[in-house]
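To keep things clear, I will list the structure first and then write my remarks on it.
If you're wondering where the values come from, they're calculated on a predicted model, not measured in any experiment. Note that these values count all heavy atoms, side chains included, but never hydrogens, waters or copies made by symmetry. Proteins come first, then strands; the chains are lettered A, B, ... in the order of their sequence lines, and each starts at number 1.
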Amino acid sequence: MIAVFLTVLGRDIRLAVRQGTDSLMVVAFFVVTVVLFPFGVGPESAVLERISAGVLWVTALLASMLSLDRLFQQDYEDGSLDHLTRAPAPLAGIVAAKVAAHWLTTALPLIAAAPLLAILLHMRPEGFAVLVVAMVLGTPTLSLIGAVGAALVLGARRGGVLVALLILPLYVPVLIFGVSAVDAAVMGFAYTAQIKILAALLMASLVLCPLATSLALRQALE
Amino acid sequence: MIAVFLTVLGRDIRLAVRQGTDSLMVVAFFVVTVVLFPFGVGPESAVLERISAGVLWVTALLASMLSLDRLFQQDYEDGSLDHLTRAPAPLAGIVAAKVAAHWLTTALPLIAAAPLLAILLHMRPEGFAVLVVAMVLGTPTLSLIGAVGAALVLGARRGGVLVALLILPLYVPVLIFGVSAVDAAVMGFAYTAQIKILAALLMASLVLCPLATSLALRQALE
Amino acid sequence: MCVRGERAVFANLSFRVEAGDALLLVGPNGSGKSSLLRLMALLLHPASGRLTWDDRSVADDSEAHAARTRYVGHLDAIKPVLALRENVAFWARLAGAGTTHVDAALEAFNLTRLAQVPGRLLSAGQKRRANLARLVAAPAPLWLLDEPTTALDRASIALLEDRLARHRAEGGMVVLSTHQDIVLPGARVLALDRFAPGLARPASARPLLEPAS
Amino acid sequence: MCVRGERAVFANLSFRVEAGDALLLVGPNGSGKSSLLRLMALLLHPASGRLTWDDRSVADDSEAHAARTRYVGHLDAIKPVLALRENVAFWARLAGAGTTHVDAALEAFNLTRLAQVPGRLLSAGQKRRANLARLVAAPAPLWLLDEPTTALDRASIALLEDRLARHRAEGGMVVLSTHQDIVLPGARVLALDRFAPGLARPASARPLLEPAS
Amino acid sequence: MLTFSPPARFLAFTRRLLPWLGALTGLVLLVGLVWSLAYSPPDYQQKDSVRIMYVHVPSAYLGLFAYMVMAAASAVALIWKKPLADITARATAPLGAAFTFLCLATGSLWGKPMWGTWWVWDARLTSMLVLLFLYLGYMALANAFDDRTRGDRAAAVLCLVGVVNIPIIKFSVDWWNTLHQPASVIKPGGPAVDPSILGPLLTMILGFQLLFITLVLIRMQSGIAAAQIRALSQRT
Ligand code: HEM
Ligand SMILES: Nc1ncnc2c1ncn2[C@@H]1O[C@H](COP(=O)(O)OP(=O)(O)OP(=O)(O)O)[C@@H](O)[C@H]1O
Ligand SMILES: Nc1ncnc2c1ncn2[C@@H]1O[C@H](COP(=O)(O)OP(=O)(O)OP(=O)(O)O)[C@@H](O)[C@H]1O
Ligand SMILES: [Mg+2]
Ligand SMILES: [Mg+2]
């Protein structure tokens with residue numbers, strides 16, 4: 001079980017690193033989209049500061065969703081998924097390994113880029129640390145929920161947009177508490193409650209999502 | 001030439017209608033993403049009003065980009081593109097027909113949904129008409145530019161997110177003038193200059209983009 | 001009975017495979033060869049009827065069944081950015097067999113020379129051989145092979161036939177579908193088109209398996 | 001000379017095809033059969049050398065050349081949501097031939113019964129026949145066929161051979177690549193592996209075309 | 001056989017030129033640095049932070065210049081299909097991106113003491129940021145294909161599309177910024193150019209220009225070598 005987990009984790013990280021530009025690209029999407037907002041709402045720093053946490057989180061949501069949309073796609077198309085589901089280990093463990101590899105190679109760089117973008121959006125420096133902590137707790141939840149969606153739409157013709165629909169509403173709790181933690185920190189209020197809720201959401205999805213995902217994957221192969 | 005244009009246009013519209021959910025999906029992505037913003041920036045109507053035009057345009061940009069990313073993908077994968085490039089008519093015309101079909105089936109519903117979302121974001125009613133006009137002029141430009149990107153990434157390893165990095169920076173002018181037309185209308189200023197510029201951008205891309213796209217498509221088949 | 005896309009593909013089918021046996025699935029396109037193999041690999045579930053192994057239903061312990069069968073489908077599951085050996089080694093490790101047999105497996109399908117070549121540079125036949133090498137790299141008693149000779153040239157088909165014979169001599173079982181000719185001494189033939197559910201006479205009234213001609 | 005992916009595939013190749021001729025391209029995987037056909041269809045551009053038609057370079061008027069050639073590649077270009085007849089009719093209209101020959105084309109490849117079936121329910125062989133039906137639905141003098149017999153059963157191959165003979169009798173030309181056997185009376189054979197650029201002796205010194213054995 | 005045979009003369013020429021060019025670059029940069037850091041006067045208002053300008057302005061200029069070189073090379077590559085042009089374009093892109101990034105970074109560092117913030121959405125700054133994205137898009141696309149020539153050509157088309165768009169983006173960003181004139185932002189009014197500043201500045205620009213040429217030539221040499229290795233390794 002552990003061995004299978006590590007085997008799949010290692011292989012997926014290796015694939016991501018060899019394919020090279022993938023994780024960079026997700027960061028690039030994140031950065032470019034965030035930068036679009038000043039063009040949209042104008043350059044006034046007061047407005048930008050007010051919406052900075054919201055824009056960062058919404059964009060992180062979109063970036064996570066877009067990069068997840070192909071989490072199982074390649075394995076499905078090249079037949080690897082047939083064999084992954086037939087490994088002598090629970091499929092949920094294999095799913096967890098794939099999600100972990102994906103998070104390490106895409107969400108982690110994204111979190112590293114977040115403070116820089118926060119500067120561009122004139123967020124007050126008090127928010128930076130909490131932003132990073134909230135993202136470290138929130139993005140794995142996004143990845144886990146996204147994996148369910150990615151598995152559900154396997155084989156669907158218009159994968160990308162469909163996934164968006166299925167999973168964006170599920171992202172809302174993460175969004176709300178992620179933003180409110182940062183806002184509280186910026187305004188000097190307590191933010192531990194929000195952080196705890198983010199941690200609880202993570203725990204819950206860690207238990208439920210891999211199971212739901214493995215169910216969806218088996219259906220996709222029928 | 002006209003006959004070929006109409007043949008391709010008819011076929012692509014028929015494909016979109018038969019595949020059914022596609023255009024609904026783009027609208028749904030648009031709606032869901034816009035609705036995320038009140039969760040992200042908080043429910044205060046003053047803030048939402050201030051950023052409404054920007055959010056609507058940025059989201060329209062993303063929706064356009066996401067749905068375009070597969071404009072040529074299916075035809076490329078199933079071999080149709082080989083035959084489309086060999087039709088006895090300029091490839092640029094065929095590209096124009098495909099873009100037109102895509103715009104009719106995705107951007108048009110999106111424009112119809114925009115005023116509704118503007119209400120959700122507390123935009124002042126003075127902006128609605130200009131928003132629709134600006135979108136009618138701006139979204140075809142987005143589709144045309146996006147088609148170039150979609151053609152460029154054919155066969156690339158990470159289509160989805162890559163196309164974003166390529167074309168989002170090129171979308172900036174449409175975004176700026178689209179937003180500023182709406183803002184001007186809301187504030188009671190003249191907005192004809194912006195509308196004229198949007199029209200000029202559309203003309204320019206109508207001439208250049210199909211050519212660039214057909215160049216990129218021929219390269220993709222080599 | 002097997003239902004795909006709301007349409008019954010075959011029904012009233014019943015057979016058993018003993019140690020050392022080979023079963024050849026034939027029939028025109030769409031008769032359900034691939035479906036039957038995926039059923040046996042537990043990638044599909046029968047609409048009715050059941051699969052047993054040593055008289056116990058395999059659905060009860062699907063992990064154990066997965067461990068004792070190897071499935072080779074139409075798709076080769078070769079990652080373009082991994083070297084050929086890395087590809088085979090990953091599948092061997094995942095099947096719990098470790099990497100001890102990997103080099104022997106590459107040797108068996110004449111792939112040693114290509115071990116370090118990344119998957120994307122392999123031709124269709126080379127990929128197929130890498131897929132088949134998994135059979136040797138992670139041994140299992142029952143092989144389920146769906147048109148394994150696709151894209152293989154004559155020499156490679158001979159290597160495969162050789163492996164099949166050796167596997168059966170060691171008590172292994174093979175179920176194999178094909179449109180092409182393949183040498184499988186003593187294999188029984190199952191013509192799936194006889195079990196299409198639209199047929200007037202119940203298909204089970206006919207002889208089920210016949211010796212290969 | 002033809003260069004693919006920074007690598008020369010064949011060079012020093014020269015041949016001509018007359019009305020009524022058939023040219024059979026053979027050679028192992030990767031020898032450049034598909035590349036040559038795509039070159040002739042103007043989907044690829046030669047790194048050096050040129051293609052002529054009636055002594056005029058085809059690159060000068062690529063639209064006219066596209067109109068007088070039909071290309072059948074590995075991919076069938078069948079849309080899953082369109083009925084088989086809609087698929088064929090679209091390609092016929094696009095080629096400028098209208099839809100007058102469509103029904104005859106379906107008949108020719110025994111597809112009339114499937115005319116209203118959507119593409120996604122077709123088997124591989126049926127899709128391939130629909131792809132071939134374009135040849136009849138939109139007539140053109142030169143047919144470029146890349147392994148047209150893939151996925152076809154014997155009866156369908158016979159239908160294709162029949163069509164090929166009729167096309168040549170009417171003065172049409174055929175260039176065809178294959179790994180399988182196909183009956184093409186009087187066809188000349190071009191073995192592409194002889195023109196791989198690595199060869200020591202200049203390939204053009206050898207006999208270029210030889211009658212089919 | 002080699003499908004890529006670079007003009008032998010080009011290789012021989014650069015091989016002879018490079019040591020001299022490298023030495024000259026080092027010399028000019030050294031003079032420029034010493035002059036600008038030690039001998040040019042500090043600004044009466046900005047103190048020593050004005051010295052950032054001697055890196056900031058040359059890198060801004062080269063960030064723009066490199067895109068023009070890349071675009072010219074892309075046009076040549078598309079029209080005349082010269083492999084050397086593809087190699088030039090690929091060699092230029094990371095350098096242009098690096099100079100653009102350097103301009104942004106130094107400007108940002110300068111902005112903190114001058115404007116009290118790392119970043120403002122000023123028109124010139126913003127269009128420089130978009131230029132950086134265009135570079136990144138170019139590089140991502142060029143490397144997104146298994147087949148290298150395919151990446152070359154797709155990137156060349158993108159680069160030319162970008163050339164058409166850069167003036168439009170620049171113009172629209174100017175418009176955007178003047179429309180929403182922000183109150184809090186101090187415009188980067190250029191200090192009156194005094195000869196004591198102009199001298200070291202021009203020297204540094206020349207030094208950066210030479211550095212750019214040297215680096216492009218080095219990168220082209222290694223690009224040619226890589227193409228030859230690929231051609232050899234695929235012969236088997
Ligand atoms: C991230 C921030 C900044 C960026 C992206 C930036 C960008 C640029 C660019 C692109 C140029 C070149 C213009 C040309 O060659 O046509 C330039 C020149 C210049 N910048 Fe900046 N800049 C930034 C911050 C600053 C700051 C903080 C100052 C100082 C107050 C400054 C002062 C100058 C001066 C004096 C010049 C040269 C004179 C001129 O052309 O006006 N810049 N900058
Ligand atoms: N994923 C699927 N969904 C719905 N129907 C399917 C699916 N896959 C196959 N079918 C249908 O099931 C039937 C049996 O298909 P199967 O692939 O098992 O046939 P086969 O004997 O393997 O044919 P071939 O010789 O082409 O490999 C066919 O009619 C096919 O159209
Ligand atoms: N798109 C491509 N990019 C780069 N190289 C390619 C591409 N397509 C084919 N090649 C290479 O060109 C060579 C010739 O390929 P081609 O497909 O023409 O061979 P073929 O004779 O048709 O082989 P097969 O019998 O497998 O169909 C092969 O070495 C192949 O690897
Ligand atoms: Mg099958
Ligand atoms: Mg071929």
With only heavy atoms counted, which part of C/I78 is less than 4.5 Å from chain A, the side chain, the backbone, both or neither? backbone
Donor + acceptor pair across side chains of C/H65, A/R86 (<3.5 Å): no
Would you give the length of the straight line joining atom CG of A/D75 to atom CG of C/L75, rounded to the nearest 0.5 angstrom? 11.5 Å
Given a strict heavy-atom distance threshold of 4.5 Å, which part of A/T85 is in contact with chain C: side chain, backbone, both, or neither? side chain
Contact winner vs chain A - C/A67, C/G96, C/P118, C/A95, heavy-atom pairs under 4.5 Å: C/A95
Please give me the minimum heavy-atom distance between A/H83 and C/A77, naming the atom from each residue. CD2-CB, 3.8 Å
For C/F90 against A/L84, the heavy-atom pair lying closest together: CZ-CD2, 4.1 Å
If I take atom CG from residue C/L43 and atom CG from residue A/D82, how far apart are they, to the nearest 0.5 angstrom? 5.0 Å
One should read off an interatomic distance between C/W91 CH2 and A/R11 CZ, to the nearest 0.5 angstrom, of 5.0 Å
Sidechain N-carboxylate O distance under 4.0 Å for C/E86, A/R14: yes
Evaluate the side-chain proximity of C/D76 to A/D78: yes if any heavy-atom separation is below 4.5 Å, no if none is. no
Is it the side chain or the backbone of C/S62 that comes within 4.5 Å of chain A heavy atoms, both, or neither? neither
Checking heavy atoms, do the side chain of C/A64, its backbone, both or neither come under 4.5 Å from chain A? neither
Do C/R93 side-chain atoms and A/V4 backbone N/O form a donor-acceptor pair below 3.5 Å? no
Does atom CZ of C/R56 have more than 12 heavy-atom neighbours, drawn from other residues, nucleotides or ligands, at distances under 6.0 Å? no
